[in-house]
> 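Before we start, here is the structure in question, set down as structure tokens.
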Protein chains: 2
Amino acid sequence: MAKIIELKRSITRSNDEDAALLRSELSSKGITLINLMSSPGSGKTTLLSKTISDLDALSYTVANTPIRIAVIEADIGSDVDALRMEKLGIKALQAHTDGMCHMDAGMTRRCIESLDLTDTDLVFLENVGNLICPAEFDTGAHINMMLLSVPEGDDKPLKYPLMFASSDVLLITKTDTLDYFSFDMELCISRVMRLNPEIKIFPVSAKTGEGMDAFESYLKEVSSQTPHSCSN
Amino acid sequence: MAKIIELKRSITRSNDEDAALLRSELSSKGITLINLMSSPGSGKTTLLSKTISDLDALSYTVANTPIRIAVIEADIGSDVDALRMEKLGIKALQAHTDGMCHMDAGMTRRCIESLDLTDTDLVFLENVGNLICPAEFDTGAHINMMLLSVPEGDDKPLKYPLMFASSDVLLITKTDTLDYFSFDMELCISRVMRLNPEIKIFPVSAKTGEGMDAFESYLKEVSSQTPHSCSN
């Protein structure tokens, strides 16, 4: 059984202040928090599973120490994702958002405080599947990472601009299906770059492994740096 | 250029009362309103395009009159969907939700009042792409219809139960990709039926046309009935 935490909307003075404080506390402990956002079914959990398996298999190390990962799975009410993570032997916490469509900094803090992070370098927060509201709430993460899957279509940057504009990293997932869907990679990337010229883009397929090397090298790099206290 | 309407959140006593009133007014004019909901990229606009083209090509008629369709495209800020609809020669209105992740009854009324519905039998409201919030707000529609696309995965009923429980009709879209994704149709349908034993389910592919006949016959049937004033 995955550990489950029941959350309520945070009642705080300022989500931005709460987020900055959480980010700074995590930084001082050498922990990097990554906020993973996307539509339902874009492949967040599959990407995480593949990444965790790869990093373990390849014995990725930072200064001769493995990257130690923990995962917070946020969901309206189910625990299917945390159960998938636990099978990989990873520290996983299932957070229930009481029907809410996003995580905020207070909710994230409650999750962080429920996990034993003594030996952890990287925490992934898998946010609720939604391309709208999660973009509006700073969770306290050092890196905002989003997924867009090929079957969703190359017009999504036009329709959900805030999510693309507020992400530091974009993973274009399920690239193994490019031949099947009419998804124009070049057009999609140019639409994203117009909204956010600084964004890092990784086209990947967790199924075939294509592009995963570059993404995992990026994670290695991120883990080896002391996180900034105010990158958001 | 598509006609665009800029909406704000409705400030009303009761969304449920507003919705019931709108539904009843539309019924008295013989107009059926269908609220179409799904994740981003599940194929709402493609399904509508295919349906509208088919109905026109087949000269579907109800009591010797063609089904006359209008479409409201709700989106945070773009007008790509209404432009696609207009190309089909259909009455289309683009509604901008000012960043909001759902439509409510007041917002839907403003759209309805902005469209000339003199010669209209069926109005599709393409809600904002989101599997969470739209399920919580009665728009005044006679039928709540949702899409789940095969690439999103068969676990979505476990993760977004309210959306499946509050829909009258489920279209399982992109069935042409069933061989490519590990989507268990039988398991998915059993998960949906547990949440909502009354739901009508249509597996369809707008690409190959598979299953579209059954869906279009259903629309024909719906249009030939005087809409109920309180089906929600």
Side-chain angles (χ1 to χ4, degrees), chain A residues 38-46 73-81 83-84 94 96-102 126 128-136 146-163 165 173-174 176-183 191 195 207, chain B residues 38-46 73-81 83-84 94 96-102 126 128-136 146-163 165 173-174 176-183 191 195 207:
Chain A
S38 80
S39 297
S42 295
K44 291 187 292 300
T45 319
T46 303
E73 297 286 352
D75 202 281
I76 297 174
S78 82
D79 59 356
V80 288
D81 290 339
L83 291 173
R84 278 179 72 182
Q94 182 71 58
H96 286 170
T97 64
D98 192 31
M100 271 210 299
C101 57
H102 64 272
E126 189 182 326
V128 183
N130 183 344
L131 274 190
I132 307 167
C133 310
E136 296 169 24
M146 71 166 291
L147 278 67
L148 171 69
S149 68
V150 166
E152 289 171 72
D154 54 35
D155 61 344
K156 293 301 162 288
L158 302 176
K159 301 184 71 178
Y160 304 92
L162 183 62
M163 178 60 76
T173 59
K174 307 190 189 180
D176 53 290
T177 66
L178 272 169
D179 288 343
Y180 204 83
F181 294 95
S182 58
F183 183 100
R191 285 170 170 165
L195 292 165
K207 193 171 182 177
Chain B
S38 81
S39 296
S42 296
K44 292 187 291 301
T45 319
T46 303
E73 296 286 352
D75 202 280
I76 298 176
S78 82
D79 59 354
V80 287
D81 290 339
L83 290 173
R84 277 178 72 182
Q94 183 71 56
H96 286 170
T97 63
D98 192 31
M100 270 210 300
C101 56
H102 64 271
E126 190 182 326
V128 183
N130 183 343
L131 274 191
I132 305 167
C133 310
E136 295 169 23
M146 71 166 292
L147 278 67
L148 170 69
S149 68
V150 166
E152 290 171 72
D154 54 34
D155 62 344
K156 293 301 162 290
L158 303 176
K159 300 184 70 178
Y160 303 92
L162 183 63
M163 178 60 77
T173 59
K174 308 189 188 180
D176 54 290
T177 66
L178 272 169
D179 288 344
Y180 203 83
F181 294 96
S182 57
F183 183 100
R191 284 170 170 164
L195 292 165
K207 192 171 183 177

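Below, chain A is the first sequence line, B the second, and so on; all start at residue 1. Note that the coordinates shown come from a computational prediction; the quantities given were computed from them, not determined experimentally.
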> Nearest 0.5 Å please: distance from the CD1 atom of I76(A) over to the CG atom of L158(B).
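I76(A) CD1 to L158(B) CG: 12.0 Å, rounded to 0.5 Å.
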> Can you classify the ring geometry of Y180(A) versus Y180(B) as parallel (below 30°), tilted (30 to 60°) or perpendicular (above 60°)?
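If you compare the ring of Y180(A) with that of Y180(B), the planes turn out parallel.
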> Side chain, backbone, both or neither: which part of D176(B) has an atom under 4.5 Å from a heavy atom of chain A?
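Answer is both: backbone and side chain atoms of D176(B) are under 4.5 Å from chain A.
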> Who are the side-chain contact (heavy atoms from CB on, under 4.5 Å) partners of S78(A), not counting sequence neighbours?
D75(A), V80(A), K159(B)
> Of all the heavy-atom pairs spanning I132(B) and C101(A), show the shortest one and how long it is.
CD1-CB, 3.7 Å
> Between C133(A), G77(A), G129(A), which residue shows the highest count of heavy-atom pairs closer than 4.5 Å to chain B?
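Ranked by heavy-atom pairs under 4.5 Å with chain B, first place is G129(A).
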> With sequence neighbours excluded, what pairs up with S39(B) under the side-chain contact (heavy atoms from CB on, under 4.5 Å) test?
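Counting only residues at least two positions away or on another chain, S39(B) forms a side-chain contact (heavy atoms from CB on, under 4.5 Å) with P40(A), S42(B), L131(B), E152(B).
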> Between atom NZ of K207(B) and atom OG of S182(A), what is the distance when rounded to the nearest 0.5 Å?
7.0 Å
